[in-house]
Amino acid sequence: MAGVACGLSFRAIGRRLGRPASTVSREIRRNTWFTPPTTAGPGGPTGPHG
């Protein structure tokens with residue numbers, strides 16, 4: 001989660017941990033209880049219910 005907070009890609013995090021990006025992605029998704037808002041413009045989706 002620290003790598004995600006720093007803006008690192010799953011691939012970059014995986015390289016640092018010696019794990020595939022798909023594993024990092026899956027673990028982040030599994031252990032995240034919220035969906036961060038998207039960067040869509042005005043009127044676009046803003047989250048899981050947007």
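For clarity, every value in this text was computed on a predicted model and none was experimentally measured. Counting from 1, the numbers follow the sequence of the chain as shown.
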Do the non-hydrogen side-chain atoms of Val4 and Phe10 ever get within less than 4.5 Å of each other?
-> yes

Who pairs with Ser9 by side-chain contact (heavy atoms from CB on, under 4.5 Å), at least two apart in sequence or on another chain?
-> Arg11, Ala12

Apply salt bridge (Lys or Arg N to Asp or Glu O under 4.0 Å) to Arg29 and list each qualifying residue two or more places apart in sequence or on a separate chain.
-> none

Applying side-chain contact (heavy atoms from CB on, under 4.5 Å) to Leu17 and not counting sequence neighbours gives Ile13, Arg19

